[in-house]
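Scope of the values below: all heavy atoms of this structure, side chains included, with no hydrogens, waters or symmetry mates. In what follows, chains are A, B, ... by sequence order, proteins preceding strands, each numbered from 1. Model, not experiment: these values are computed from the prediction.
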Amino acid sequence: MSTYQMTAGHGGSPIQLLSPDGVRHPHERYDRFLADVDGNVEGVDRAALLVSIYEDMVVARRVDAEGTALQRQGQLGLWPPFVGQEAAQIGSAHAIGADDFIFPSYREIGVAYARGAELPDLVRQWRGNAHSGWDPFVMNMAPSQVVIGAQTLHAVGYAMGVLFDGAETAVVTYFGDGATSQGDVNESMVFAASFQAPVVFFCQNNQWAISEPVGIQAHVPIARRAPGFGISSVRIDGNDVLACLAATREALERARSGNGPSFIEAVTYRMGPHTTADDPTRYRDANELEDWKEKDPIARFEAYLASIGVVDDAVRARAAEKADAVAAALREATIHMPDPEPESLFEHVYAGPQPVLERQRDHFARYRHGIEGGLGAGAETTAEGGR
Amino acid sequence: MSTYQMTAGHGGSPIQLLSPDGVRHPHERYDRFLADVDGNVEGVDRAALLVSIYEDMVVARRVDAEGTALQRQGQLGLWPPFVGQEAAQIGSAHAIGADDFIFPSYREIGVAYARGAELPDLVRQWRGNAHSGWDPFVMNMAPSQVVIGAQTLHAVGYAMGVLFDGAETAVVTYFGDGATSQGDVNESMVFAASFQAPVVFFCQNNQWAISEPVGIQAHVPIARRAPGFGISSVRIDGNDVLACLAATREALERARSGNGPSFIEAVTYRMGPHTTADDPTRYRDANELEDWKEKDPIARFEAYLASIGVVDDAVRARAAEKADAVAAALREATIHMPDPEPESLFEHVYAGPQPVLERQRDHFARYRHGIEGGLGAGAETTAEGGR
Amino acid sequence: MSEMTFAKALNAGLRKSMERDSKVVLMGEDIGKLGGVFRITDGLQKDFGAHRVIDTPLAESGIMGTAIGMAYRGYRPVIEIQFDGFVYPAFDQIVSQVAKLHFRSLGRIKVPLTIRIPFGGGIGSPEHHSESPEAYFVHTAGLRVVAVSNPQDAYSMIQQAIACDDPVVFFEPKRRYHDKGEVDETAGLEGPGGLDLGAARVLTEGTDVTLVGYGPLAKTCADAATAASDEGISVEAIDLRSLSPIDYATLEASVRKTGRLVIAHEASQTAGLGAEIAASITERCFYFLEHAPVRVTGFDVPYPHSKLEFFHLPDLDRILDGVDRAMGRPNSLSGTEEGE
Amino acid sequence: MSEMTFAKALNAGLRKSMERDSKVVLMGEDIGKLGGVFRITDGLQKDFGAHRVIDTPLAESGIMGTAIGMAYRGYRPVIEIQFDGFVYPAFDQIVSQVAKLHFRSLGRIKVPLTIRIPFGGGIGSPEHHSESPEAYFVHTAGLRVVAVSNPQDAYSMIQQAIACDDPVVFFEPKRRYHDKGEVDETAGLEGPGGLDLGAARVLTEGTDVTLVGYGPLAKTCADAATAASDEGISVEAIDLRSLSPIDYATLEASVRKTGRLVIAHEASQTAGLGAEIAASITERCFYFLEHAPVRVTGFDVPYPHSKLEFFHLPDLDRILDGVDRAMGRPNSLSGTEEGE
Ligand SMILES: Cc1ncc(C[n+]2csc(CCOP(=O)(O)OP(=O)(O)O)c2C)c(N)n1
Ligand SMILES: Cc1ncc(C[n+]2csc(CCOP(=O)(O)OP(=O)(O)O)c2C)c(N)n1
Ligand SMILES: [Mg+2]
Ligand SMILES: [Mg+2]
């Protein structure tokens with residue numbers, strides 16, 4: 001029997017501006033996108049800017065941990081941790097303008113936080129209170145997407161609309177390494193290239209799609225995919241927040257200046273389980289996690305900021321305090337979130353009237369009324385399923 | 001309003017071994033795959049080999065013209081001409097071994113002819129007598145596929161099976177330039193690369209997908225797509241039968257030797273309409289066709305063969321005679337093809353028994369019996385739809 | 001009023017919608033210069049430009065998904081699926097995205113897509129060109145589904161569908177594209193006769209049996225009513241028009257009067273639309289029914305090759321046979337279902 | 001006989017099929033080392049190797065399409081779709097290829113795929129993880145569709161499905177995966193009780209009303225029969241088992257006896273399986289029916305967020321209410337449908 005191997009998806013050297021020990025390396029192509037954080041723009045408070053990124057990373061990690069804790073305590077049904085991906089999420093989020101529109105997957109909770117989502121909106125869907133959280137048109141960010149890759153087409157369509165409007169908005173879509181195998185993601189690159197849509201494909205290659213290593217999805221580094229569609233592409237260290245910021249800014253500039261789509265592969269690592277329902281010990285080596293801890297995105301950035309005197313113990317303490325406060329507020333909001341009304345089941349299915357559904361709603365209301373009134377045979381028995 | 005353009009999908013210089021004037025140019029990479037047709041293999045009757053390719057091209061074109069004529073005369077419901085694509089189809093078909101398996105689209109009638117399909121099997125589906133023609137396991141060739149791109153996944157799955165069997169068979173799948181936009185085709189490349197499946201993707205870029213020029217599908221030459229998946233790829237002159245033969249042989253060798261999938265973009269031209277139902281004057285310039293006539297695949301090959309003394313008037317006449325005979329036989333077979341039995345509607349839906357369907361079949365039989373017996377109200381009236 | 005073909009009426013309705021609202025854009029394969037394989041969009045790209053009539057790459061999921069994104073951006077995309085059999089690659093985007101987005105966003109995101117699908121058989125096409133996939137969409141909560149049957153409805157309903165804030169799957173009976181009919185082009189969004197998108201239409205009034213069809217078979221049902229009346233059977237033929245939601249008020253009123261129901265469609269019988277109508281009408285009118293509802297449909301087979309398609313498709317004879325069965329007439333060709 | 005969970009019974013049945021026939025291969029996402037997100041394939045890759053238990057790229061159309069190719073090559077692929085809501089990207093390959101290939105090749109190509117789909121709600125999952133898409137497949141000619149409801153059937157029917165030369169869509173009620181039951185592991189392909197893949201099973205004999213369910217609701221229907229008997233109503237509960245073809249012989253026999261029919265499913269009501277069963281039984285047993293068939297189903301809404309799912313799902317109370325309605329009992333909680 002012949003054998004086959006699936007090993008690749010690695011290789012190549014991702015662009016790195018901050019090495020894991022926190023040293024900032026100059027970069028010909030990207031430095032121009034970091035003038036403000038490098039202190040080369042007059043009137044910009046460099047330290048404040050850097051600290052805002054740092055704080056967002058610290059708070060995001062805390063929010064993530066709180067999500068996991070709330071799930072463990074039964075307050076949430078599920079939670080998809082993004083611990084380890086803070087540089088990719090916060091770095092890119094800080095590049096995106098308020099007018100730009102984001103189409104995320106389910107894991108971009110850090111992006112949503114950095115973009116200013118209300119705290120309850122971060123957990124609403126994981127608690128089962130609704131299928132989505134924030135108002136997409138207030139946040140300029142679509143609801144999170146569970147169907148792998150589907151959102152990338154929405155992003156390209158939105159970007160086509162921007163193009164037809166003659167606007168300067170750009171669009172960013174997030175997805176994972178596993179998503180690159182889906183037809184939709186590839187079709188989205190076809191459309192983006194053909195229409196030269198102002199869209200940025202931001203792929204967080206966190207090495208895993210649940211239990212499948214990236215080598216099952218891609219035989220060569222993922223960043224090589226996009227040029228075959230005519231899309232410029234870059235492979236960056238996704239645990240380097242400055243590389244993430246710079247690459248996203250470059251891609252957004254390309255989009256806004258009419259130069260079409262871009263693809264960013266941010267090489268990072270999912271330090272936690274796929275979701276709180278997952279048990280990664282069944283499929284991955286503990287050593288792998290240890291190796292990646294060496295490349296921790298927050299530790300790295302913190303070391304850099306300490307080396308340039310922007311972070312000291314006071315800053316650290318303030319960030320930790322803020323993180324605690326946000327986590328506490330998130331917990332409060334979660335625990336006290338009111339359950340949705342049963343009759344809301346029938347709301348928003350259609351924008352207009354729908355008589356068949358209305359009949360079902362009325363039937364349901366009568367039935368509920370009957371149950372509550374204790375009438376009928378059924379009311380004597382106990383409903384299964386624990387409502 | 002900003003504007004967008006879709007122009008690319010061209011560019012690059014396809015590999016050419018025979019220039020349009022019929023001159024054979026040596027080629028470092030490919031000559032080794034043409035030793036037999038170049039007369040460098042002892043015991044091989046070079047002239048016979050070349051003439052067999054030439055004859056297949058001539059007869060295929062004649063079969064194609066006959067198909068169009070039969071459709072015009074109402075003997076076929078539809079016909080998808082492949083005139084102009086004879087080099088791509090016959091060249092590749094001559095490379096494929098009898099044990100290899102082919103997954104074609106609907107347009108590979110030339111391939112099927114060269115592979116030895118019975119003549120009635122070439123038209124059966126276009127006449128509406130069945131949904132397919134040849135026996136796939138006699139021909140080692142799947143039924144033609146109408147759903148754009150779907151067959152490429154079947155090819156990869158078959159190739160995975162070959163791999164798991166430890167066999168040396170290879171698989172070839174044909175599809176068009178338009179098909180490269182479909183999710184399925186891209187997913188098939190993902191699977192092929194991940195499993196290193198012994199499959200050859202043979203894309204006939206005939207410049208058009210019905211009325212859409214290739215620039216709507218691809219912003220850069222199609223051959224660039226595959227390397228992004230980790231698949232070796234080549235762009236060849238699809239009107240050069242020797243380039244098609246050599247590139248296919250190379251790819252098949254790669255497949256059989258365990259070196260995985262290959263992609264071939266054969267740059268050619270659909271000289272006819274998309275199908276007999278199409279009117280290309282609505283969307284394309286007559287000059288374009290004239291330009292491509294200069295690159296005619298048969299004229300080119302014939303000029304080459306004449307230049308080396310393999311084709312003369314006698315050979316030409318024999319080929320023409322064979323073409324006429326095949327066309328006449330095809331016509332006979334078509335015209336006298338018996339209609340399928342009405343009750344066969346219910347056959348082969350399932351391999352095993354299915355009582356609900358059997359009840360419908362019995363009901364239908366009773367109804368037909370009633371109609372024929374002239375019973376009932378319905379029988380007095382005329383069925384619409386002209387049966 | 002002017003006489004025009006079904007195809008031309010659709011074209012005129014699309015044009016009117018595009019003039020009315022600059023956010024209406026058409027998307028699909030070959031809809032630009034070619035005007036679509038059925039020429040429904042003929043001339044529209046020339047007049048409205050390539051940004052309003054968009055030839056897309058050959059990828060139905062891509063078309064649907066990008067149309068959703070354009071809806072986020074405030075557009076009203078009208079998608080042409082080239083043939084019924086090619087809607088399936090877009091099924092995921094339709095079922096999991098288009099149908100659910102309004103609900104899952106708590107009403108914040110409107111998805112006013114119109115998904116045009118030429119459907120049904122009878123034109124001698126090869127495989128995958130004659131499907132009747134409507135039941136899949138009718139079973140999908142969040143979608144509206146309509147089927148048009150004549151030039152006037154084609155003209156009015158395409159405008160209504162485009163103006164509707166919900167996604168509408170819009171079925172066009174391709175074998176009727178060349179039928180001609182009178183069209184009142186001054187009719188606005190409400191349409192002549194004041195029928196909204198959700199209303200069925202009584203084609204012929206009758207008292208013995210209610211006969212429901214839609215799309216390509218609406219005409220056949222009307223013809224069947226005429227043929228039956230020659231034999232003294234009074235058929236109330238109804239064109240369903242809206243397949244989701246179904247206008248049960250109209251159907252109920254008719255069946256309460258006739259006591260008998262025949263439903264005709266080209267799609268396979270099992271779990272088809274006929275089942276839904278039969279079940280709902282039985283629920284709503286049980287004590288009025290004098291016979292079980294009768295379904296006259298395509299068989300439970302893949303759509304056959306064209307030499308057999310007219311055996312598969314319900315035609316006038318088969319529908320009349322269904323009427324006979326519903327009437328319990330002994331000359332029914334196929335016998336009654338019951339007790340077999 | 002040994003007691004095992006539903007999940008374990010499936011695992012054991014898969015193992016047995018793989019031992020029996022070396023051409024049986026499993027394909028899906030995360031089915032290897034992880035053993036699938038529900039652990040149904042636990043340990044199988046370790047024992048049979050990565051060529052027999054294949055972790056595929058994350059692309060459902062790709063899985064389905066390559067499985068078809070493997071079937072051409074003589075394999076019997078068993079596909080795991082991770083959750084119900086993720087079958088739609090593969091819909092085109094299922095409907096246009098899997099279902100049609102035997103017919104279109106004049107019987108030359110067999111497609112003995114088994115498409116395993118954990119389906120239904122009730123486990124508090126997020127969106128797209130609780131769908132009941134069975135009607136789409138039941139409406140598709142060329143497919144067989146089954147739904148298992150208990151460990152013994154899971155064990156036997158997975159083997160029967162894999163051995164079947166037709167493609168089988170195999171629904172597994174994910175909220176029952178942890179239920180335990182006795183399993184006779186010596187049972188061969190015919191299964192204990194001699195039931196073949198197409199046969200329904202009478203769970204409780206009864207004389208007043210026939211109650212049909214399948215998958216997750218088969219147990220609920222059996223429980224409802226018990227609860228109803230306490231009130232003196234004799235319910236004949238039937239586990240449908242085969243959704244396509246439906247075992248109408250068993251259903252007909254029951255309804256001729258009881259004269260009343262209730263059908264329960266989690267899927268939305270409109271054009272769901274309940275409609276098909278109601279319509280067909282009405283056709284076949286019209287003069288035996290004392291009441292219109294009653295459907296107790298999910299509502300015509302997208303599957304809701306988990307805080308509301310138990311209002312959407314038919315439970316014991318709603319099914320009993322349906323029984324009351326079918327019996328025409330005045331204490332029905334929701335009133336009768338008729339004449340509203
Ligand atoms: C179409 C579809 N198929 C399967 C799934 C189940 N699933 C959820 S997440 C996931 C893995 C995704 O991996 P990746 O794209 O790398 O994103 P990550 O979870 O690593 O962020 C899978 C298979 C899904 N949600 N959608
Ligand atoms: C999924 C699908 N969508 C649309 C069609 C309609 N259609 C038939 S052929 C064709 C164009 C195909 O172009 P290409 O792939 O370049 O192949 P060619 O016809 O040029 O050989 C289209 C759009 C189809 N058959 N299948
Ligand atoms: Mg990942
Ligand atoms: Mg082409």
Side-chain angles (χ1 to χ4, degrees), chain A residues 1 3-4 77-78 106 125-131 146-149 178-184 209-212 216-217 277-279 282-283 339-340 342 344-346 349 354 356-357 359-364 366-371 375-387, chain D residues 29-30 32-35 37 50-51 55-62 82 85-86 88-89 122 124-129 175 220 223 227-228 230-231 233 269-270 299-302 304-313 315-321 323-324 329 331-335 337 340:
Chain A
M1 205 191 266
T3 56
Y4 65 95
L78 193 76
Y106 44 86
Q125 80 197 93
W126 306 110
R127 190 169 164 85
N129 281 53
H131 279 326
V146 165
V147 180
I148 298 296
T180 61
S181 293
Q182 285 286 4
D184 275 5
I210 309 187
S211 75
E212 298 192 347
I216 290 186
Q217 319 292 342
D278 180 40
D279 173 10
R282 289 180 67 97
Y283 55 80
D339 279 357
S344 68
L345 201 52
F346 298 90
V349 181
Q354 213 277 29
V356 171
L357 184 58
R359 181 178 159 111
Q360 291 181 11
R361 182 198 60 204
D362 295 346
H363 187 276
F364 176 74
R366 272 200 314 283
Y367 169 78
R368 292 254 314 142
H369 185 77
I371 280 272
L375 295 165
E380 316 287 313
T381 66
T382 312
E384 67 166 339
R387 82 159 176 250
Chain D
E29 297 158 7
D30 304 294
K33 273 195 191 161
L34 184 63
V37 296
H51 287 183
D55 266 338
T56 65
L58 207 179
E60 289 77 10
S61 189
Q82 198 162 80
F86 309 136
Y88 304 126
S125 272
E127 284 181 290
H128 309 293
H129 288 74
R175 65 165 139 141
T220 320
D223 292 347
D230 292 347
E231 298 196 38
I233 306 176
Q269 178 160 305
T270 292
F299 301 110
D300 289 355
V301 303
H305 27 291
S306 61
K307 292 272 183 196
L308 295 184
E309 69 180 330
F310 289 109
F311 295 104
H312 176 69
L313 293 171
D315 59 10
L316 194 60
D317 289 340
R318 276 181 59 206
I319 290 173
L320 287 170
D321 181 58
V323 168
D324 281 347
R329 292 179 96 203
N331 62 342
S332 153
L333 294 174
S334 48
E337 291 288 328
E340 281 167 23

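- Each of D:Asp30, D:Leu34, D:Asp55 was checked for a side-chain contact (heavy atoms from CB on, under 4.5 Å) with A:Tyr283, and the lone residue meeting it is D:Leu34.
- Between A:Arg366 atom CZ and D:Asp321 atom CG the span is 10.0 Å, to the nearest 0.5 Å.
- The ring-ring contact (aromatic ring centres under 6.0 Å, His included) search around A:Phe364 returns A:Phe346, D:Phe299, not counting sequence neighbours.
- The candidate from A:Leu345, A:Leu357, A:Val349 with the greatest count of non-hydrogen atom pairs under 4.5 Å with chain D is A:Leu345.
- Contact of A:Arg127 with chain D is made through backbone and side chain together, with heavy-atom distances under 4.5 Å.
- Chain D forms more heavy-atom pairs under 4.5 Å with one residue of A:Ile210, A:Asp362, A:Asp279, A:Asp278 than with any other, namely A:Ile210.
- Comparing D:Ile319, D:Thr270, D:Asp230, D:Thr56 by heavy-atom pairs within less than 4.5 Å of chain A, the highest count is held by D:Thr56.
- Although no hydrogens or angles enter the test, the distance criterion places a donor-acceptor pair under 3.5 Å between the side chain of A:Gln217 and the main chain of D:Leu58.
- A side-chain donor-acceptor contact under 3.5 Å links D:Glu60 and A:Gln182.
- You'll find the side chain of D:His305 reaches within 4.5 Å of the side chain of A:Pro340, heavy atoms only.
- Of the atoms belonging to D:Val323, not a single heavy atom falls under 4.5 Å from chain A.
- Counting only heavy atoms from C-beta outward, the side chains of A:Val356 and D:Gln269 never approach each other to under 4.5 Å.
- When all heavy atoms of D:Pro126 and A:Leu78 are compared, the pair lying nearest together is CG-CD2, 3.8 Å.
- Among all heavy-atom pairs drawn from A:Ser181 and D:Ala59, the shortest one is O-CB, 3.4 Å.
- In this structure, the portions of D:Glu29 lying under 4.5 Å from any heavy atom of chain A include both its backbone and its side chain.
- Under the rule for a salt bridge (charged side-chain N to carboxylate O under 4.0 Å, His left out), the partners of D:Lys307 that lie at least two apart in sequence or sit in another chain are A:Asp339.
- Taking NE2 of A:His131 as the start and NE2 of D:His128 as the end, the distance is 7.5 Å to the nearest 0.5 Å.
- When the candidates A:Ala277, A:Ala130, A:Gly149, A:Ala179 are compared by the number of heavy-atom contacts under 4.5 Å with chain D, A:Ala130 comes out ahead.
- For the set A:Asp184, A:Val146, A:Thr180, the count of heavy-atom pairs under 4.5 angstrom toward chain D peaks at A:Val146.
- Taking the side chain as every heavy atom from C-beta outward, D:Leu308 and A:Ser344 approach each other to under 4.5 Å.
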Next on the checklist: Working note: A:Arg282 + D:Lys33, criterion side-chain contact (heavy atoms from CB on, under 4.5 Å); need CA distance, chi angles, decisive distance, verdict.
Outcome noted: CA-CA 7 Å; A:Arg282 289 180 67 97; D:Lys33 273 195 191 161; over 6 Å; no
